[in-house]
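Lettering of chains follows the sequences in order, A, B, ..., and the numbering in each one begins at 1.
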2 protein chains.
Amino acid sequence: MGMITLKDVAKVAGVSYATVSRALSGSPEIGEDTRKRILKICEEMGYTPNSVARSMVMKRTNIIGLILASIDNPFMSELTNHIEIYARKCGYNLMVCNSSYDPNLEKEVFSLLLGRQVDGIIMIPVGNESYDSLKALTAQVPTVFISENMQDLPENYVAVDNRRGTESATEYLYSLGHRKIVYFGCRTHSVTHSLRLEGYLDACKKLGIAPSVIHNHYSRSSYPVGNLLAEEYFSGPHDHTAMLCASDALAIGVMQAAYNHGVSIPGDLSLIGFDNISFSALPPIDLTTINQPKQQMATEAVDMLLDRIKNPDSPHRRVIVPPTLVERKSCRPIRASEEEIHV
Amino acid sequence: MGMITLKDVAKVAGVSYATVSRALSGSPEIGEDTRKRILKICEEMGYTPNSVARSMVMKRTNIIGLILASIDNPFMSELTNHIEIYARKCGYNLMVCNSSYDPNLEKEVFSLLLGRQVDGIIMIPVGNESYDSLKALTAQVPTVFISENMQDLPENYVAVDNRRGTESATEYLYSLGHRKIVYFGCRTHSVTHSLRLEGYLDACKKLGIAPSVIHNHYSRSSYPVGNLLAEEYFSGPHDHTAMLCASDALAIGVMQAAYNHGVSIPGDLSLIGFDNISFSALPPIDLTTINQPKQQMATEAVDMLLDRIKNPDSPHRRVIVPPTLVERKSCRPIRASEEEIHV
DNA sequence: TTCGTTTACGAAAACGTTTGCGTTCGATAT
DNA sequence: ATATCGAACGCAAACGTTTTCGTAAACGAA
């Protein structure tokens, strides 16, 4: 597999390898006829430029590192898809690393990517307790987070307006006539999830209804966790007519438990999620939810990162995109008289 | 962001940078006391080795390229997840590229990864017509396919036994009493899909039942395609008691159409899929399906690739892993007398 | 002491590019 | 005729490592 180098084509073309380099890079310091000739020879020999050597001298790899909890997660894989396609269009490749929901691993792969000399890093952080220890790392390379940031870490980020999302979800349920709305959240060590809880609580206060929160002592917002805790919920006393879940994954877990306990959705309980992962649109699920504009967030994050790579000491930018409500079949309006029929 | 180099720590330590390199690489040609001292200085200065420079001289990047149709596809993202975690454990990072179901783009990103000097490539090919034109590319770097290969391209691959998968699915439906089984496949320009069709046809012949295939003129095996064609199917005359789908995605599309047309699953139609994507296990879906052992395939693919990187002219290996049937709720047994009640 | 051997380290080449600078050559202006 | 200048191209340094080779010091045996 002896690769063909610049020197090889230079020898064949009878020129110095600087000339070959210039022919390929589109430099003006070269004759039009020799350029044509050299390009033809490159083609014939099947020459492929060595990006590693190029990176070495240019001090730039054109690689973006992407750190996320698990690529095997509908929301994140959708986001990754958009990021990869758009980044490649901009001339960048993607190096993906799972943090596996582990703040320590998160830092480990961050250093690893630093050593790889990535030009920048896009990161969906695991929680907020890791922000502090990430400061030393993010100082070394342009970084943009996909997550809001309450601790004023001076970093760029793009995120959906989580607070507004749960707030409007609550308002929506209220407008349907629901007054007993329970919130199924996540332990709030993640910025995202504490904001979502906040939005719900604020809306309750504003609307004058009593908040009620399912205590979720697990750290993940996943389908099995949703299922497990919903089993507990349905087994005990409950009189809510609507449930707001911190994620679609949780909501889908709730669906299963509801099915097992013979409670119909939306017949007995209106259910609303957050994220709008693609599977929520599937007819057997058909979950009403708060959408995160994933493609917009992806391109915004890449743009923001590339800006920052070009101009490292530009002011930090924070983009909050608006969430939107997607109405499907998991919520229904109720009359006031219906309120008390549940056990 | 002036990075700290070997030279910098060498200067501080008062040694040559060759010595620093040896201290870090664990070479025996260095005194134990100086090693300790140098490592301490590296720690203090926050030195991070430059992988690019390392790759330059070692002629090896420790990067694996991964090419797949779309990372935003449950089967592929699950696979990617396992590949990334296992590869990293083996000291390799992953560079992911979408081919977006486009054979030309597939070749384009392959060349791109070649230029990146990846040590090897794992690829889920789009179709089989692209194999020919890929020969020149795969000759330049160790490659393993995740897909069976009928054209005897001399490459390594790991795949589930697709033929056996649909065969056993058909046998399963037969054992439940079904005699009118329709196959919902994909246009067979993909090796995977032609083998799946083959397995179905073989089983029909062996079992002595008449095969029946829904003509799928779309190239993708996706949820919307499944939905669209199932709409047609349910609108026209149909008397099958069971349907075998070439993928879970198709099957889920069928589910929606069935719902719209008032045909109950499995009441009126038994449905079975292929892949066992995670969402098929969700209670509202609960799809009986043929499982692909994704984690096993992932680690096998990585192992195979690393073997090949170490020993490029070792004989080609082809691993076929057995599919397994996962029984869930989308199939039911029928009596012979039931056979004719459908229109 | 003297010779040979081992140990620990330094000097420098090499990896494949990009690019600043110098040089040559032809054309134009003086 | 010479001086000026721009175009086209070659030379060589540089990027940050790894590794071969050389060598000085240390050490043991004769």
**Q.** A/Met56 vs B/Ile30, nearer the 5' end of DNA chain C by closest nucleotide
**A.** B/Ile30
Q | Residues, nucleotides or ligands: over 12 heavy atoms within 6.0 Å of A/Glu43 CD | A | no
Q: Could you tell me whether B/Met58 contacts a base, only the sugar-phosphate backbone, or nothing, with contacts defined as non-hydrogen atoms closer than 4.0 Å?
A: sugar-phosphate
Q) Which one, D/dC15, D/dC9, C/dG10, comes nearest to the side chain of A/Val57? A) D/dC15
Q. Closer than 4.0 Å, any side-chain N/O of A/Tyr47 to the OP1 or OP2 of C/dT17?
A. yes
Q: Take atom CZ of B/Arg22 and atom P of D/dT19, then tell me their distance rounded to the nearest Å.
A: 10 Å
**Q.** Derivation of the salt bridge (charged side-chain N to carboxylate O under 4.0 Å, His left out) call for A/Glu300 and A/Arg317
**A.** CA-CA 11 Å; A/Glu300 192 73 52; A/Arg317 274 175 52 205; 3.1 Å; yes
Q. Base, sugar-phosphate, or nothing for A/Thr34, non-hydrogen atoms under 4.0 angstrom?
A. sugar-phosphate
Q: Compare the minimum distances between each of C/dC9, C/dT18, D/dC11 and the side chain of A/Ser16, then state the nucleotide with the smallest one.
A: D/dC11
Q: Quick one: label B/Val52 by what it contacts on the DNA or RNA (base, sugar-phosphate, nothing), any heavy atom closer than 4.0 Å.
A: nothing
Q. Is the side chain of B/Asp119 donor-acceptor paired with the backbone N or O of B/Asn62 at a distance under 3.5 Å, no angle test?
A. yes
Q) Rounded to the nearest Å, what distance is computed from the CZ atom of residue A/Arg35 to the P atom of nucleotide D/dC9? A) 10 Å
Q | Whole angstrom value for the distance that separates C1' of C/dT18 from CZ of A/Arg60 | A | 11 Å
Q.
Can you tell me which nucleotide in D/dT17, D/dT18, C/dG16 comes closest to the side chain of B/Asn50?
A. D/dT17
Q | Nearest-angstrom distance from the residue atom CD of B/Glu29 to P of D/dA26 | A | 19 Å
**Q.** Check: A/Asn73 main-chain N/O paired with A/Ser70 side-chain donor or acceptor under 3.5 Å
**A.** no
**Q.** Separation of atom CZ in B/Arg116 from atom P in C/dT17, rounded to whole Å
**A.** 14 Å
Q: Assess the side chains of B/Ser16 and B/Thr19: does a donor N or O sit below 3.5 Å from an acceptor N or O?
A: yes
(Q) Pick the closest DNA chain D nucleotide for A/Asp33 and for B/Pro49 by heavy atoms, then say which residue is nearer the 5' end. (A) A/Asp33
Q: Looking at every strand, decide which applies to A/Thr5 at a 4.0 Å heavy-atom threshold: base, sugar-phosphate, or nothing.
A: sugar-phosphate
Q.
Just the rounded figure in Å: distance from P of D/dA12 to NZ of A/Lys7.
A. 12 Å
Q: For the side chain of A/Thr19, starting at C-beta, report the closest nucleotide among D/dG10, D/dT18, C/dT19.
A: D/dG10
Q. In whole angstroms, how far is the P atom of C/dG16 from the CZ atom of B/Arg54?
A. 17 Å
(Q) From NZ of A/Lys59 over to C1' of C/dT18, roughly how many Å is that when rounded to an integer? (A) 13 Å
